[in-house]
There are 2 protein chains.
Amino acid sequence: MPASPAAPGSTALGEPRSEAGRRRAGRPVGGVLDKAGITAAALTLIEKKGYDGLTMAALARSLNVAPSALYNHMESKRDVLLLVEDHLAALVDVSAFGAEPWEEAVRKWAWSYRDVFSRHTPLIPVIAVLPVTDAPQTLAMYETVSAGFRDAGFPEERIVSSIVALESFIFGSAYDVTAPADIFDSGSMADVTPSFTGAVRSLAAQGHERPADVAFSLGLEALIAGLGALRSA
Amino acid sequence: MPASPAAPGSTALGEPRSEAGRRRAGRPVGGVLDKAGITAAALTLIEKKGYDGLTMAALARSLNVAPSALYNHMESKRDVLLLVEDHLAALVDVSAFGAEPWEEAVRKWAWSYRDVFSRHTPLIPVIAVLPVTDAPQTLAMYETVSAGFRDAGFPEERIVSSIVALESFIFGSAYDVTAPADIFDSGSMADVTPSFTGAVRSLAAQGHERPADVAFSLGLEALIAGLGALRSA
DNA sequence: CTTCATAAATGAATGGCATTCATTTAGTGG
DNA sequence: CCACTAAATGAATGCCATTCATTTATGAAG
């Protein structure tokens with residue numbers, strides 16, 4: 001009724017669907033375009049082209065499909081990011097909970113969590129506001145961690161706040177990892193910022209391979225010590 | 001030489017420049033389009049329309065100028081965000097450094113820092129990777145804080161790492177403030193996540209006005225205690 | 001075997017975005 | 001008074017996510 005959708009059916013069997021089109025037209029055949037397939041394609045794309053390269057068009061292209069086809073399976077691009085986020089949550093190492101002392105379990109979890117998301121910082125604004133209902137793997141991670149805290153003797157009403165505090169630190173620290181090495185170069189302002197410039201030089205003189213790791217370790221150990229004091233038994 | 005830039009000069013004095021155009025054409029007259037003016041306009045726009053409403057077109061519009069005019073003063077939109085960020089840094093309260101004990105100074109600084117940026121979370125990915133050279137007010141903040149740490153007896157090589165750790169926690173916590181209240185509702189998965197669901201309920205039962213504040217306080221006090229132990233004197 | 005409902009794919013819009021560019025304008029310093 | 005130049009213009013450009021009418025092909029129902 002509205003505009004003019006051009007020649008119907010004529011070009012419908014043209015080149016665009018030559019290969020995959022035949023396989024996937026109609027009903028569920030193998031399912032290249034299900035959630036698992038979309039997630040895998042998105043991850044590959046992110047690895048190869050980064051988050052700037054993750055466009056709906058590029059994603060569709062890598063699945064041999066028209067961009068609009070994605071919208072039969074997802075409401076928006078945000079859903080794609082959610083899928084990726086939840087996949088990554090499953091990569092976070094929670095295995096030490098229940099197997100090692102609480103301190104060590106938190107330590108391993110936190111380092112692993114930071115490492116995974118430091119390569120996916122564009123997801124952080126998404127996760128931070130993400131209702132866990134939509135992310136089963138993420139929820140599973142919280143369950144394991146919560147159980148670890150409970151078994152370690154944490155009062156139930158402090159568990160969520162403690163995890164949130166740790167997570168906040170982890171997300172912020174994930175950004176640090178990606179910061180340029182010269183981020184604290186005060187340049188021409190060096191003479192009016194003697195304390196800061198001196199502190200930066202003093203740290204640089206230590207010659208740490210990854211300065212972000214030093215700050216992360218420092219903060220994490222402080223949090224573990226401070227939060228650990230909340231335990232009753 | 002290329003395309004066809006249409007009627008030259010004819011419409012140049014039309015409506016678009018009726019008011020501000022007369023004031024600002026040519027050389028520096030009053031300077032609505034200098035850094036201060038752009039920053040002020042951007043902040044007003046952000047307050048009224050949020051970060052989604054902060055487009056180069058909308059910013060130009062609020063300055064009674066064509067979008068392309070902005071590019072005579074800024075390299076990219078990122079520069080606008082930098083300007084805003086640096087303006088906000090000046091709002092962070094560092095006054096307690098040098099006036100109160102280190103613990104209390106850090107506490108006031110951290111709460112103030114988090115509060116300012118919790119209303120500007122879209123800037124966080126920008127700040128985290130921002131070379132301080134480009135942000136004088138931000139650098140000034142670091143200088144005051146660094147001096148506070150030095151005077152409190154911190155070994156020089158630990159100062160930057162300590163500040164980075166605190167900042168990471170602050171940025172992560174700024175996101176929490178904006179999270180929806182039901183973010184931890186496990187929905188249909190409640191039965192398979194008993195520990196987490198119980199912990200969430202238990203926190204909710206406490207009836208805190210702002211749950212994010214509880215987590216922030218918990219983490220901040222842990223960091224203050226843990227980092228404070230690094231001081232020599 | 002035919003018919004039909006339906007999930008899934010199509011491609012051509014749409015509207016918004018940051019950014020670029022040739023050109024014009026109008027003060028300023030010589 | 002003129003040349004220089006900073007600053008403004010508006011018409012592209014190209015990219016983006018998203019929408020929609022339409023078509024396709026399958027499996028189930030009769």
Side-chain angles (χ1 to χ4, degrees), chain A residues 1-35 37-38 42 45 49 51-61 63-81, chain B residues 1-35 37-38 42 45 49 51-61 63-81:
Chain A
M1 262 166 196
S4 57
S10 60
T11 57
L13 281 171
E15 325 143 28
R17 51 210 313 272
S18 51
E19 318 168 301
R22 258 196 307 279
R23 276 193 278 106
R24 246 171 314 84
R27 278 303 201 74
V29 179
V32 187
L33 230 54
D34 58 0
K35 294 194 177 190
I38 293 175
L45 200 49
K49 312 271 186 179
Y51 276 86
D52 281 351
L54 180 64
T55 67
M56 294 301 268
L59 183 57
R61 195 165 198 286
L63 288 161
N64 291 307
V65 143
S68 51
L70 293 170
Y71 290 87
N72 288 322
H73 304 269
M74 333 257 359
E75 287 242 310
S76 70
K77 182 177 180 179
R78 187 166 191 278
D79 289 3
V80 176
L81 296 178
Chain B
M1 264 174 194
S4 58
S10 61
T11 58
L13 281 170
E15 324 141 30
R17 49 214 311 274
S18 52
E19 320 167 301
R22 259 196 307 278
R23 276 192 279 106
R24 245 172 314 86
R27 276 302 201 77
V29 178
V32 186
L33 231 53
D34 58 0
K35 293 194 178 192
I38 293 175
L45 201 48
K49 312 272 185 178
Y51 277 87
D52 281 351
L54 179 64
T55 67
M56 294 301 269
L59 183 57
R61 194 165 200 285
L63 287 161
N64 291 307
V65 141
S68 50
L70 293 170
Y71 289 88
N72 289 321
H73 304 268
M74 334 256 359
E75 286 244 310
S76 70
K77 182 177 180 179
R78 186 167 191 278
D79 289 3
V80 176
L81 296 178

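Residue numbering restarts at 1 for every chain, and letters A, B, ... go by the order of the sequence lines.
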- Query: Can you check whether A:H73 has a side-chain N or O nearer than 4.0 Å to OP1 or OP2 of C:dA9?
  - Reply: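 Indeed, a polar side-chain atom of A:H73 lies that close.
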In whole angstrom, what separates [X]'s [atom1] from [N]'s [atom2]?
{"X": "B:L70", "N": "C:dC21", "atom1": "CG", "atom2": "P", "result": "17 Å"}
{"X": "A:N72", "N": "D:dT22", "atom1": "CG", "atom2": "C1'", "result": "13 Å"}
{"X": "B:Y71", "N": "D:dA12", "atom1": "OH", "atom2": "P", "result": "18 Å"}
{"X": "B:M74", "N": "D:dA6", "atom1": "CE", "atom2": "P", "result": "17 Å"}
{"X": "A:E75", "N": "D:dA17", "atom1": "CD", "atom2": "C1'", "result": "14 Å"}
{"X": "B:R61", "N": "D:dA8", "atom1": "CZ", "atom2": "P", "result": "18 Å"}
{"X": "B:R78", "N": "C:dA18", "atom1": "CZ", "atom2": "C1'", "result": "15 Å"}
{"X": "A:D34", "N": "C:dA9", "atom1": "CG", "atom2": "P", "result": "10 Å"}

Check [X] against [Y] and note the closest heavy-atom contact, atom names and distance.
{"X": "A:L63", "Y": "A:G37", "value": "CD2-O, 4.0 Å"}
{"X": "B:A42", "Y": "B:V80", "value": "CB-CG1, 4.0 Å"}
{"X": "B:T55", "Y": "B:D52", "value": "CG2-O, 3.8 Å"}

Without placing hydrogens or testing angles, list every side-chain donor-acceptor pair under 3.5 Å for residues 66-78 of chain B, not counting sequence neighbours.
| unit_1 | atom_1 | unit_2 | atom_2 | d |
| --- | --- | --- | --- | --- |
| B:H73 | ND1 | B:L33 | O | 3.3 |
| B:S76 | OG | B:R78 | N | 3.3 |
| B:K77 | NZ | B:L54 | O | 2.7 |

Taking only nitrogen or oxygen atoms into account, show me every contact under 3.5 Å that the protein makes with nucleotides 15-17 of chain C, one pair per line with its distance.
none

* Asked: Of the nucleotides D:dT18, D:dT19, C:dA9, which has the atom closest to the A:S76 side chain?
  ->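 The nucleotide sitting nearest to the side chain is D:dT18.
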